Amino acid sequence: MDTPKPSSPLVNEHHCNNLRHKGMYVMSVPDPDEFKFYDRYDATAYWCTCTQKALGPDGLSVHPTTCKPGGQRGCCE
Amino acid sequence: MDSRAPGPGAGRRAPENAHDRIPDPGSRSPQVAEVQAPARPPQHPKYPWPEKPRLIGTRISRLDGPLKVSGRAKYSYDIARPGMLYGRILRSPHAHARLKSIDAAAAEKAPGVKALLITIKPGDKILYPGEEIGALAAATEQQAADALRLIKLEWDVLPALATVEQAMRPEAPQVFTPANTRRGTAQEDGDLAAGFTAAAHIVEGTYSTQVQTHTSLETHGSVCEWNGDNLTAWVSTQAVHGTREGFAAGLKIPQANVRVITEFMGGGFGSKFGPDIQGLLCARVAKAANAPVKMMLDRKEEHLVTGNRPSAFARVRAGVAADGKLTAFDAQTWGTGGAGAGSDYPLPYIYTFPNRRRTHTDVYINAGQQRAMRAPGHPQGCFVTEVLMDELADRIRMDPMEFRIRNLPAPGPNAMWAKYFPMGAERINWKSRHVTGDPAPGPIKRGLGCSANRWGGAGQGARAHCEITADGSVVMRCGTQDIGTGNRTIMAMVVAETLGLEVSQVTIEIGDSNHPFAPGSGGSTTAAAVMPAMRVTAGKARDALFERMAPQLGVPIEQISIGVGTVVVSPSTRDSLPDGPAAARSGQPPASRSISWRDACRLLGTVPVSVDGQWERGLSAGGTSGVQFAEVEVDIETGITKVKKIVCVQDCGLIVDLKTAETQCYGGIISGLNYAVFEERILDRNTANMVNPNMEWYHMAGPSDIPEIDVVLVDQPERGVIGIGEPPAVATAAAVANAIRNATGVTLRSIPITPDKLLAELQRAGGTN
Amino acid sequence: MPVTLTINGQRHQLRVEPRVTLLDAMRTRLDITGPKRVCDRGACGACTVIIDGRTYYSCSMLAVEAQGRNIRTVEGLTPIDSATGATSRAGGVAQGKLHPVQQAFCDHDGLMCGFCTPGFVMSTVALLEKNPNPTAEQAKRALDGNLCRCGTNIGVLKAALSAKGVVRG
Amino acid sequence: MKAFAYVNAANEKEAIAALSPSARAGQRDALTAARSGQPSSVPISGGMDLLGLMKDYIVSPDRVVSIKGLDQSIAGADGGLRVGAAAKLADLAEHAQVRKLYPALATAADSVGTPQIRNMGTVGGNIMQRPRCWYFRNEEFNCLKKGGSRCFAVEGENQFHAIFGDGPCHIVHPSSLAVPVIAYGGRFRVAGPNGSRDIDAGEFFQMPNTNLYGESVLQPNEIITHVILPAPGQRSAGYEVRFKQSHDWPLAMASVNLVMSGPTVKSARIVMGAVAPVPWRVPAAERVLAGKTITEAVAVEAATAALAGAKPMSGNAYKIQIAKTAVKRAILKAAGA
């Protein structure tokens, strides 16, 4: 069976459990050819599932670089 | 890809951004499944696409057309529940401010008010106009609006950043933590210095694209109704399952207690993937008021807070050799996705610059945050690169289409530009193109331009449940949604094809989180995720039907197959699929007999066929390519551009419904046309408040602005289904910009190409009359 | 205040505040939800109705001011077929019994998400009741008060130019 | 939208009575109310503009007086034309005599908004609509016109603002009909508590330095009942430049009315729209045409003269070129060239 495996090139288990982006709901198949046509880029819009906004419970913007346990943000899970 | 030639980007290195490094996956499981799977098309699906389809690839009218044209389709905005209240959100009138005091006493006591919720306290800061700070519900919309205005707020208004220039100034106030900008790491490949040395000509310039808002006609919002601890929410969303998950997480309740329904949905374009803050507020005031609440945003709120496409800027230096080969590309890029959100985009786009370097910087301003919008990043990268391409072509005096073809990456089924460019050229009469600057007398200048696009569009993971009952009914349930693409219709086509029925004989039930899981509709992945599930599930249902029939008919199951509106019992063994290869081969017509679908189903008695199925490999793929051409007329005395014609050559794998697929292309092109010349979120540079949060000054093409559109859809049945919502939206703006340049002889490096920009450039180039 | 509205040939008596628009009265009080609220400022056409033969933005007219007039909404073009009913299930509306304009919108795919569609249908009906054989330019101009975000305009125009059998209004 | 009382005026008299200060609960002085931009009684006709203002809380009256009972006829009168204020824009645009004799008026009516707006909107409503300035129309900006202390357009987003006038408010006048009415030398018949009077259309509109909170001499308890035009010149035309060809506002427009003496222009009236806080008549350009036969060069000369005094803001100098083109093309169109 083709059961989608829970992992993401952008957000993984090292990130806050509440970090979200569209790709987590859309589950597109990563395109192996994509970076033959341009370099890597990240056009992703992130949000926090607790606040349902692009700002976290601490009022700061949501991003994989900061939404990590062990960082300065106290709101992470 | 062609295996003989290394891909043009074969040497492209990944950046060193932390979040781009992929740690070893697969230990614990987050709540949301996201997929890492090999995308290689698979080999022998059990239920392959028919070789000679009866319905697939034909033109079928939308199944929900009659409901929509008669006004009887009920959208979330149209839902009315007994005792329903109306909710409104309290929002910040400022772009950047700290709350001093709040007094909601009068609002709480106002007529009709049943619940009021304040989510901000003195000392808290807001970062963009319209940021949510509370909500209330009242018996009528008017009472809700009246009460909202009774809430007294005092603010310390803080300096706001309205433009990227303001945010990037060294002396700019630090509004965002840790900084107003976030600089990415340079991506480099090849030898930049050598590339520029090899260049015969170098073009330098700064390119830019605007912020556009999604402007879905149905605004964001929901109707929330509690039954004890269970929430039913009618939501305008592109993801019923994702929205269920969002409600549960935001409200801290079990997902089992949440049901999300989206029967019809008035457009999302990437901006509707969860309940959003307004969904949570709606559910919370509904709980507090102990009554259903409808909370749909108004147009102004929609513009301010529900997402947008980030702006893009690119300071580019690029070189071309005398033989027309690109040599070097060096770019600093930036843009804003609003308050703390990113703005990256792919660059250079498609064409092969062997030596290149690029650094992107996200710039934050006090404005609503970006969200995914119809091919996120691609229109920006396409515009910057494609306009540059025309400038480079002119420097070496080469036809811009030839120049493009010369610099394409290696061809493949997902990279067919070299074939499509001449096809499009034929249809736009590219031969008639003059060199840059229409020499014809008079103020009306005509021009042609072209550009290319690509997109992924592969989906997976959809599940479905199919029932066939003794009366011949077929019901397919799937937790997907039709956001206007025609998903419901193509689902019915695949099911009907598989069961030998007409689409009208199939009932498709979607838009409900109680149905089997299917992913959200974004990234042009829905068709590729859902159609395989339809084929497999309907195929399994058919097999189950045959299994039940066989003993009753006293024949082996191998002898039963599907006809047209019939089940066929033939003495010879044949492939189980009616339209499979074996069927095509079987020449002899022995004494087979047909049983009508109804009669066959009658054998089921009181126990229906009831099977589950899901997406399987081999029936869908990703990777599309396309080209577009534009013909424009520019009035150089007024700066007004009239787009006369767009030609689009686009592939999308196996085409299910030619009619709705073409409409997707029309829609994408019109959105690209808006991007090229009309729409723009305009913020007051001093307060960062949006001055055009309406549909009057937020310009969008109306009927008289729509050009002739000629769509050529390239069918690639061997690739399986690929989504087409986004690909056609990518290239239009660049093609139009290039056509304007060809017409006028002036280079516009900034969209939208409004009369002020065009006239200023014309003036610079020597006046207009 | 008491307001009597004649919509699709039916009289409705209701009490509304003077500030309630015709659109809101229809949508929130009479469950006539074909007309949509999109811009709410007379700029998009999704709320278009036909009053005494002419197209109006129902968002920009007070309900009280619509009294005594013949108001037609998209629902009035197609009587509900009691056999199939107006269920929320796709295909529930009486197939083959659509108004010629509605049928043409279906045939030429003049709709996607469908939110602008009732307004476009009403503008097209008003056009064809006045001018059954419009040119493309005339049709575009007659529809210029309506906006579509999905970009269905090509199908809409084909529908407007091909719908036949509309009775002169 | 704030709640209000609704009065259905059966006729002119009732309407004026309902609009007059004495009829109001608050008994506030009409002029004070007008200065604050918040008259407590306002007339409603087509309602398009008023409802938008009220929904955006730009105007929040206590009482709304329906004046749909006003005259809506369009007819020849005294060798000219008399148009009832309640006439619908669509009817004006489609009126055969108007199209023939007053093409600039018909063109202007036909280019207003959309079919729906022309079906709903009235002649009086078009003349009296409030500015579309996006600072005026957004509640967040407490601009001069709303009693605030500054015009946000000056240092802000002014691409659609005025290129003429010295402020302090930089709106462009929104009425398309007013432009040809002035070009044709028309006047407005106004009814008030003391009966009826006629006001020359050219004297009707007021600059912000005279009247910051309104755009005309009309008092809050007065209403326009008719637009009256004298016989037109032998040749006239209007030309409008707009960004979108579908629903949009003009970037600039011009109406030209020529009294001819054979092939020569005896006298001309040229009025521009969407360039100033009032419809902008340009005598300098009119003088250029007087005594001349219209050629492209003459038209360009007049257009150049028309824009000679323009004082663009930081972001709208492009409108000079556009207005110039509108004037030139209107002249050539009028001349049949």
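Reminder, nothing fancy here: chain letters follow the sequence lines and each chain counts from 1. Quantities reported herein were computed from a predicted structural model and do not represent experimental measurements. Excluded from the calculations below are hydrogen atoms, water molecules and symmetry mates; all remaining heavy atoms, backbone and side chain alike, are included.
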Item to complete: Flag the one option from B/Met700, B/Gln142, B/Met695, B/Glu696 with the top tally of heavy-atom pairs under 4.5 Å to chain C.
Response: B/Gln142

Worksheet item: Under a 4.5 Å heavy-atom cutoff, which of B/Thr215, B/Asn694, B/Asp298 has the most pairs with chain C?
Response: B/Thr215

Discussion item. Assess the residue pair B/Arg309 and B/Arg374 against the criterion (side chain to side chain contact (heavy atoms under 4.5 Å, CB included)); give the C-alpha distance rounded to whole Å, side-chain angles, the decisive distance to 0.1 Å, and a yes or no.
Written reply: CA-CA 9 Å; B/Arg309 182 191 299 283; B/Arg374 216 164 181 173; 4.0 Å; yes

Discussion item. Holding to salt bridge (charged side-chain N to carboxylate O under 4.0 Å, His left out), I want the full list of residues that pass it with C/Arg29, two or more places apart in sequence or in another chain.
Written reply: none

Worksheet item: For the candidates C/Asn146, C/Thr152, C/Val20, C/Asp107, which exhibits the highest count of non-hydrogen atom pairs separated by less than 4.5 Å from chain B?
Response: C/Asp107

Worksheet item: Does the side chain of C/Ile154 come within less than 4.5 Å of B/Ile706's, by heavy atoms?
Response: yes

Response to the item:
Of C/Val156, C/Val121, C/Leu147, the largest count of non-hydrogen pairs under 4.5 angstrom with chain B goes to C/Leu147

Fill in: When C/Pro118, C/Cys44, C/Cys106, C/Ala142 are compared by non-hydrogen pairs under 4.5 Å with chain B, the top option
C/Cys106

Worksheet entry | Most contacts with chain B, counted as non-hydrogen pairs under 4.5 angstrom, among C/Gln102, C/Glu137, C/His99 | C/Gln102

Fill in: Distance-minimising heavy-atom pair for B/Gly486 and B/Thr660
CA-CG2, 4.5 Å

Discussion item. Could you tell me if the side chain of C/Met26 sits less than 4.5 Å from the side chain of C/Ile7, heavy atoms only?
Written reply: yes

Discussion item. Could you tell me if B/Ser70 and C/Thr78 have a donor-acceptor pair between their side chains, going purely by distance under 3.5 Å?
Written reply: no

Worksheet item: Side chain, backbone, both or neither: which part of B/Glu662 has a heavy atom under 4.5 Å from chain C?
Response: neither

Worksheet entry | Side chain to side chain, C/Glu75 and C/Asn8, heavy atoms closer than 4.5 Å | yes

Worksheet entry | Which of B/Phe269, B/Tyr86, B/Tyr75 touches chain C most, by non-hydrogen pairs under 4.5 Å | B/Tyr75

Practice prompt. Could you tell me whether a side-chain N or O of B/Asp482 sits under 3.5 Å from a main-chain N or O of B/Asn487, the two making a donor and an acceptor?
Written response: yes

Worksheet, complete the sentence: Within residues 30-39 of chain C, the residues sitting under 4.5 Å from chain B by heavy atom, in sequence order, are C/Asp31, C/Thr33, C/Gly34, C/Lys36, C/Arg37, C/Val38, C/Cys39

